[in-house]
2 protein chains.
Amino acid sequence: MNELIEYIKHDIAITDTIQEKLNRISIKKEVQKGENILSENSLKKQHIFVLTGCLRSFYRMENGKEVTIQFAIKNWWIGDYITLYTENKSILSIEGLSKSEILLIGKTELERLYIEHPEFATFHRKNFERHIATLQKRILSLLTQTAAEKYKQFIADYADFAQKIPNYQIASYLGITAESLSRVRKEMANQ
Amino acid sequence: MNELIEYIKHDIAITDTIQEKLNRISIKKEVQKGENILSENSLKKQHIFVLTGCLRSFYRMENGKEVTIQFAIKNWWIGDYITLYTENKSILSIEGLSKSEILLIGKTELERLYIEHPEFATFHRKNFERHIATLQKRILSLLTQTAAEKYKQFIADYADFAQKIPNYQIASYLGITAESLSRVRKEMANQ
DNA sequence: CTTAAATATTGATGTATGATAAGAAATTAT
DNA sequence: ATAATTTCTTATCATACATCAATATTTAAG
């Protein structure tokens with residue numbers, strides 16, 4: 001039994017049938033540090049479940065600068081949700097921040113499971129709901145907080161693994177430059 | 001048959017039972033311009049479906065300034081998703097921007113329908129997915145675009161009703177001041 | 001260990017946008 | 001219509017953060 005099933009079992013009673021189907025549709029993969037799993041312009045529509053390690057999704061701007069959309073560690077889902085749910089070509093890239101193990105699950109395969117097993121759909125609906133709340137909170141944060149406030153909230157929210165992420169990537173998640181973040185950190189250290 | 005059912009029928013075949021249950025749990029309400037439906041600190045957990053008119057959800061900062069989280073018109077859902085899916089007390093307010101008609105649907109009642117009718121849950125899961133993509137796009141926009149770019153995208157995305165919304169509220173949605181938006185508009189007019 | 005590469009810091013300077021305040025224009029109410 | 005209120009604009013000035021460039025520090029590679 002793999003870790004995804006372990007994780008799902010925390011929430012719902014999962015039948016052997018679902019377990020077996022999940023195993024059948026999920027592809028286990030090892031990702032190296034810096035390795036790209038999903039690249040922009042790819043046509044693959046996949047969900048990723050993190051077993052170990054740490055990943056991030058990011059957008060590369062025309063000028064080459066990158067903005068980080070999401071970080072993910074053990075038991076988190078990550079994906080290019082804009083592509084998964086609207087467009088055709090993927091606009092984000094996903095890479096490993098450290099050596100990681102992941103499960104790749106195709107969109108259509110997952111949807112088949114939703115239909116065949118309503119309790120599995122319910123489990124996922126709750127994930128969606130939490131995800132929506134998280135995204136709204138981030139929007140609120142981007143609209144109302146200063147650089148220092150955003151950083152403080154980030155290290156509080158992501159205490160588990162904030163120190164594993166390079167500061168310049170945290171900066172790109174918060175919507176500030178690495179230089180600004182460095183000044184914020186200096187300011188914080190002096191108090 | 002009301003407009004919510006009409007709207008749902010565009011997506012899925014809806015049985016009489018679902019229709020009847022939906023009618024039973026949804027409370028129709030008329031909202032005046034400027035009237036608050038949901039206020040911060042309320043304990044109600046409700047989804048709102050807009051039949052006519054225009055609403056917005058917003059957050060009131062400590063200094064009294066408001067930031068707009070979402071606008072909604074006919075056939076859109078709106079709610080305080082942070083409260084609905086995580087916290088207890090509501091942190092957002094929802095008000096009518098014009099005289100509007102809405103349906104109020106309690107969180108628990110809606111969840112009961114999900115369980116009793118998987119096809120209805122599927123319909124809603126797709127809404128969730130689109131919502132996630134929309135929120136991600138907005139985050140990307142906030143992280144990468146200038147004031148002028150955000151405004152141009154806004155009037156393109158919300159062409160249907162952008163002109164119905166006062167500019168200072170559009171500004172508060174884009175994360176800029178009304179004065180800045182005014183300058184952006186002047187700049188655009190001169191070209 | 002030593003060197004190379006990646007990441008972080010610091011300083012000097014620039015700029016987009018914010019803050020404040022006043023007046024103009026548009027809505028709404030009387 | 002007229003007045004009152006709300007919304008929008010304009011100007012001046014302030015500032016948080018960006019940019020650029022150099023150096024320091026840490027991490028990874030040979």
Side-chain angles (χ1 to χ4, degrees), chain A residues 31-36 53-54 56 58 61-68 71 95-100 141-155 161-191, chain B residues 32-36 53-54 56 58 61-68 71 95-99 141-155 161-191:
Chain A
V31 189
Q32 299 308 314
K33 176 172 181 173
E35 183 186 347
N36 264 269
C54 185
R56 69 160 185 148
F58 62 97
M61 302 204 280
E62 313 74 46
N63 62 19
K65 287 181 184 172
E66 294 175 354
V67 296
T68 298
F71 297 108
E95 68 170 13
L97 292 190
S98 60
K99 190 171 172 177
S100 309
S141 155
L142 290 171
L143 290 176
T144 62
Q145 295 184 305
T146 64
E149 288 167 343
K150 286 187 282 189
Y151 178 63
K152 282 173 190 162
Q153 192 183 308
F154 182 86
I155 52 179
F161 63 101
Q163 69 298 329
K164 283 191 204 162
I165 304 171
N167 286 328
Y168 73 93
Q169 287 181 9
I170 294 179
S172 88
Y173 178 88
L174 301 177
I176 60 179
T177 60
E179 292 91 336
S180 286
L181 178 54
S182 182
R183 280 174 201 116
V184 163
R185 285 161 51 79
K186 188 185 185 185
E187 194 59 33
M188 283 169 66
N190 294 342
Q191 277 163 23
Chain B
Q32 299 309 315
K33 178 174 182 172
E35 183 185 346
N36 264 269
C54 186
R56 71 161 184 147
F58 62 98
M61 301 206 278
E62 314 74 46
N63 63 18
K65 287 181 184 171
E66 294 174 354
V67 296
T68 298
F71 297 107
E95 68 171 12
L97 293 190
S98 60
K99 190 171 171 177
S141 156
L142 290 171
L143 290 175
T144 61
Q145 294 184 305
T146 64
E149 288 166 344
K150 285 187 282 187
Y151 179 63
K152 281 173 191 162
Q153 193 183 306
F154 182 87
I155 51 178
F161 62 102
Q163 69 298 329
K164 284 191 206 164
I165 304 171
N167 286 327
Y168 75 92
Q169 286 182 7
I170 294 179
S172 88
Y173 178 89
L174 301 177
I176 61 178
T177 60
E179 293 87 343
S180 287
L181 178 55
S182 183
R183 284 186 283 255
V184 164
R185 286 160 49 81
K186 187 184 184 184
E187 194 59 32
M188 283 169 66
N190 294 342
Q191 277 162 23

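Chain naming here is simple, since letters A, B, ... match the order of the sequence lines and numbering starts at 1 in each. No hydrogens, no waters, no symmetry mates; every other heavy atom, side chains included, goes into these values.
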| field | Value in whole Å for how far the C1' atom of D:dT15 lies from CD1 of B:I176 | value | 17 Å

| request: Would you sort out whether A:F154 and A:L181 count as a side chain to side chain contact (heavy atoms under 4.5 Å, CB included), showing the intermediate values? | output: CA-CA 12 Å; A:F154 182 86; A:L181 178 54; over 6 Å; no

| field | Length of the CD-P vector between B:Q145 and C:dT17, whole Å | value | 11 Å

| message | Closer than 3.5 angstrom, by distance alone: can the side chain of B:E149 be matched with the main-chain N or O of B:T146 as a donor-acceptor pair? | response | yes

| said: On a heavy-atom basis, which atom in A:L97 and which in A:K33 lie closest, and how many Å separate them? | reply: O-CG, 3.5 Å

| task | Enumerate the residues from residues 164-174 of chain B whose closest heavy atom to DNA chain C is under 4.0 Å, giving them by residue number; use none for an empty result. | result | none

| task | Check the distance between D:dT26's P and A:Q163's CD and give it to me in whole angstrom. | result | 17 Å

| request: Work out which heavy atom in A:I170 is nearest to a heavy atom in A:A162; give both atom names and the distance. | output: CD1-O, 3.7 Å

For nucleotides 19-23 of chain D, print each protein N/O atom paired with a nucleotide N/O atom at under 3.5 Å, atom names and distance only.
from   : atom 1 : to     : atom 2 : distance (Å)
D:dT19 : OP2    : A:K65  : NZ     : 3.3
D:dT19 : O4     : A:R183 : NH2    : 3.4

| message | Classify the ring geometry of B:Y173 against B:F71: parallel below 30°, tilted from 30° to 60°, perpendicular beyond 60°. | response | tilted

| query | Looking only at side-chain N and O atoms, does A:R185 come under 4.0 Å of OP1 or OP2 in C:dT9? | reply | yes

| message | Using a heavy-atom cut-off of 4.0 Å across all strands, would you classify A:G175 as base, sugar-phosphate, or nothing? | response | sugar-phosphate

| Any idea which heavy atoms bring A:K150 and A:I176 closest together, and the distance? | NZ-CG2, 4.2 Å

| Protein-nucleotide distance (B:L143, atom CG; D:dA18, atom C1'), rounded to Å | 15 Å

| field | Shortest non-hydrogen contact from B:G175 toward A:L143 | value | CA-CD2, 3.5 Å

| field | Atom pair distance, as rounded to whole Å: CG in A:L181 and P in D:dA16 | value | 17 Å

| Donor-acceptor pair, side chain of B:S172 and main chain of B:T68, under 3.5 angstrom | yes

| task | For A:S100 and A:C54, work out which heavy atoms get closest and say how close. | result | OG-N, 3.1 Å

| message | Distance check, rounded to the nearest 0.5 Å: A:M188 atom CE versus A:K152 atom NZ? | response | 5.5 Å

| task | Please determine if a side-chain N or O atom of B:K186 lies less than 4.0 Å away from the OP1 or OP2 oxygen of D:dA11. | result | yes

| field | Minimal non-hydrogen separation, B:L174 against B:L142, with atom names | value | O-CD2, 3.7 Å

| said: From CD of B:E187 over to C1' of D:dT10, roughly how many Å is that when rounded to an integer? | reply: 14 Å

| query | Considering only side-chain heavy atoms of A:K33, which listed nucleotide, D:dA28, C:dT9, D:dC17, is closest? | reply | D:dA28

| query | To the nearest 10 degrees, what angle separates the axes at the start and end of the helix from C:dC1-D:dG30 to C:dT30-D:dA1, five pairs each? | reply | 60°

